[in-house]
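Inspection log for the structure reproduced underneath, given as structure tokens.
Numbers for residues simply follow the sequence, beginning at 1.
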Amino acid sequence: MASDAAPLVGMEIAPAEKVSGKAPATLPATAPSKKTIHFVAAFVLVAALTACVGVLIAGGGGGGGGGGGSSSTVVGTDDGEYWTCSDDPYCCAEEGASGYSKWCRCVDEAAESTTSSGTRASECTTSSECWNCADDLGCCANEGGECACDGDWASFGSNGNDWDSNAEPMWNTVHILSLKDADGAVTCNAATFGGDPAPGFSKWCRCADGQPTAPPTPAFSCLCFEDDGDGCTVVGAPAPAPTFAYSQKDCSEQGYAFDVVTRTCQPDVPVKDRGCYPRANCDADYAARFCDSMTCIPQGFEQECAGMAEFSGHGPKPSLSRSDMFDTDGSTGGQSATFADLAQTTREYYGLTMYTRILRVVEREVGEPITTSTSSMAQFGYLGQWIAPLARTKYATDSLSHASGMASIEGGVYNNVALGASRLPKYLAGASLYSYQPVSDVGRGWGFAERAIGCQYLGLVTLSNRVLVPASGYGFEATQDDREDDGGIFLGAGWVVLPIFPGGSTRDRTSVFGDASFGATTWTHVIDTAQFSGPLLAYAPEFWTRRVETWCDQTQAHYEGTGEPYDFNYPGEGCDREILGDVADACCVNPSIYDTFTHKPGDWWPSTGGEFPGLQGVFEDYTASGEALPDDYTGPTYWKIPQMLYPNHTDLEPWQLNARTYNADSYDHWLEVFAYAGESDDELEALFAGFDTRLNGSYHMASEGASFDLGLRANDQDVVNYMDIEFGSEFGWSFDEEYEDDASGDALDPAETNIYVDWQGAEDRVWSRYLKTTYDDTRTPRVGTEGTEESYYCAVPIDESEAPEGLHDLEYTLPLLGRANYVDHSYREDATFDYDDADAYNAWNETEQWCWDCTDATECELEVRSVVLESTATLYYRWWRFRDQPAMKQLAHEFPETYTEEVLAAMQKRVELMHEHWQEKDFIKKATKVNHKVELDHRLILDVPDGVPEYGWVPISVAELYEDSTGYGPGIDAGFLSADW
């Protein structure tokens, strides 16, 4: 509505506080704002038969693109949120007339239309059900973006939290005509709209009396799926740039599809690639809106169609245990007879390494195609490790208390949409601190959920000057030959306790509990690849126990009012020094801080394997199958899963090779070069040049019966919470273990344990995508809820011809958004992150980021370099002298008594010698059955540039950003994270 239009007769203004939901706002009398302006009339003209239980209202919805609603009421007022009868669930009749389209509706909250009103076809049923810009057809920009409307009024605000599902409209509406720039846009922020109506909430802008005239979010280019005449011919390359459009007609005339999210014309993607999958309560609604668009996706926008059924489980389970930890009768818990002569307690081990096959396990990425936050549900790991110390802590979650490790080293071979797209998985090397504190340094400057953290939480340092490790984890070269016909390609990797940081001493191998005499430990990530072998990353000893007194004191909040005992003495004084199981005692740290990773190795034995934590990529069908299922079963009868790509070139395919644990031999041996005993430079150089770097003192891990564990969860988990996928020998599919007793492992223990995919002679070694639900009350479940009826169900593979036809063409869509921007720590004018955002989870505190500053060319290269990764993210990095990299600067600042100038100089000298003399050394014992080592992403293998010293400087990631609309589209800023300890 133009600003000079005549005032509407009878228009009144609602109280100002209704506009924003928070603070009063002043609006002109002609402002056509939603929810605030109503016609007052003494009569209603009804041109069609209506039937309501309750109060009747008649009128129009105004401009369909987000304009102000108007109505005439018999009693009460309406919300003005609907633009057509088909949108309005309370519509009871429709009248076609000049001007606005009009209809009648039932007003009472409990009232229902007793006349069918057709199928709704709007993005949001009401504006108060829009939880973000992507859902809101009237959205013109997210906060911080540029909003352009063909009308003169716009609103800025939020409806609250989508997870809460209770709308709390908080909007400021202003007249924007005089505020528009040369492009007809205004900045979507509090300054433009007279303040922040929704502090702490994600906000967006919407056009109040017209349509957006620019995409509400930066337009992304879809990717070519095939050469189908749409102008894109290279599979995987960006399609032609989209053009802005108002309607489906604008695009169909060009032979393109209309994208309702960005209001752009996109190449028409075949149905099989759109993944058009109407379901449940939103099927007709969904099909009507999206099936002519590339955005017809099974997950919906922000999962509004309740998601899909899920994969859940672990996949291949090696079921490994320590071979040095068996009694002579074969039971666990005592010293193995084979290794009984070693003076080492049976509980502790000094590391774990293994060789893992690198391949793509799932044919297509699974994840939210359209999302306004970083993807959270599209992740899985197929082989990794879990290592914990002896030290435990007591903490409460949802009124339940239990003992948990003070820390854990986790990660492994990993897929996650938030980390960016790649043909092969990535390796995530990181650890959690104090029972999964989100500020744990898992990315050398970034914590959980891809959020940047302050310098006070850093502890993971870079050791290598050959490999650049992105914040998102290191990847593998996409163009390399997977060697499918020759056993595959393998990554050797793991964590080993070494004395690289100062404070190490010969290990006490007889005491279960640690004490002040125990030396410091350096948990070191070591890899073996085609281009690089050796130590890559390491956690400083202080990382595991820094500010533990403060953290213990703060956990008291969990116990206030519970009446449970809790001992906050430090370090555990007054607590019994005992070994804890699943039940916690009253101590914050037990047995003591000397039993944490700062001083001690791992405890008991490590866990290896994978995890599929609810991977949503499964279709359901309820067609009668003819199976004898119980009468009360109401779950899916058929399922369609993603195409799994487990290796199948030969009948016996290697999967995980030569997993080994370590004793203290390597730690003690490495003290020869890391004793920090005041050696001269010449003495040190001779030591490093001739040093045997092989990690010895290791034992094979024994398999207790490798197996396969993967199941299904229905979309309605009250119907099916877990159902085994049963691939038995009759289907030519199972996992098995082969023991290599003639291998040449470690000199101490020459045996190796290798895990294989055993197809057991099957002719067809390809996983079927189609499964059928079966029931057998004599079945012994491999996984599942044993002892309950649910454990008698399983899903068995069938041929496509046996599956309902309705499943055949269903396909989930490749994710288009959801990649995380790992934001800059140092303020940059052109940064993607809003440093002034007051949100507590995005709070940038300049004083916490001091260690990233680079002003002295003797400590760091002033130039910031960049490389574009396979994912299309731009990885920014800088070269630092080892001792001056951000984590080391923080350690020297926080622990000046330990990291004196003398110590830092000694550490620097040793790293320089590592770079000079150890580039061609062997470290991990190569598995006998590994024919080919994996190649790291070629972009990550660096030559030291001119102007940077050849030895002793390391490349450090400073940001990882998706900066344009090519490839998979712009990234989403994960922001910053802080804590109080």
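Checked against the 2.5 Å cut-off, the SG-SG distance between Cys188 and Cys205 falls under it. For the two cysteine residues Cys133 and Cys139, the thiol sulfurs sit under 2.5 Å apart.
Between the Lys180 side chain and the Ala148 main chain, no donor and acceptor come within less than 3.5 Å of each other.
Between Trp204 and Trp131, the ring centre distance reaches or exceeds 6.0 Å.
Using a 4.5 Å heavy-atom cutoff, the side chains of Trp171 and Ser155 are in contact. The shortest side-chain heavy-atom distance between Val186 and Asp181 does not fall under the 4.5 Å cut-off.
Going from atom CG of Asp136 over to atom CZ of Arg206 covers 4.0 Å, rounded to the nearest 0.5 Å. Rounding to the nearest 0.5 angstrom, the gap separating the CZ atom in Phe156 from the OG1 atom in Thr173 is 11.5 Å. Rounding to the nearest 0.5 angstrom, the gap separating the OG atom in Ser472 from the OH atom in Tyr822 is 5.0 Å. Separation of atoms CG (Asp150) and CG (Asp209) is listed at 7.5 Å; rounding is to 0.5 Å. Interatomic distance, Leu961 CG to Thr872 OG1, rounded to the nearest 0.5 Å: 11.0 Å. Within the model, atoms CG of Asp824 and OH of Tyr876 stand 8.0 Å from one another, a figure rounded to the nearest 0.5 Å.
Looking at Tyr962 and Ser871, their side chains do bring a donor and an acceptor atom within 3.5 Å of each other.
With sequence neighbours left out, Ala452 forms a side chain to side chain contact (heavy atoms under 4.5 Å, CB included) with Trp446, Val823, His825, Phe976. With sequence neighbours excluded, the residues satisfying side-chain hydrogen bond (donor to acceptor under 3.5 Å, both in side chains) with Thr192 are Asn189.
Exactly one of Glu960, Glu450, Arg819 qualifies for a side chain to side chain contact (heavy atoms under 4.5 Å, CB included) with Leu419. That residue is Glu450.
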Checklist line | Worked verdict on Cys207 versus Cys147 for disulfide (SG to SG under 2.5 Å) | finding: CA-CA 8 Å; Cys207 301; Cys147 165; 4.7 Å; no
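The two residues Ala190 and Asp196 make their nearest non-hydrogen contact at CB-N, 3.8 Å.
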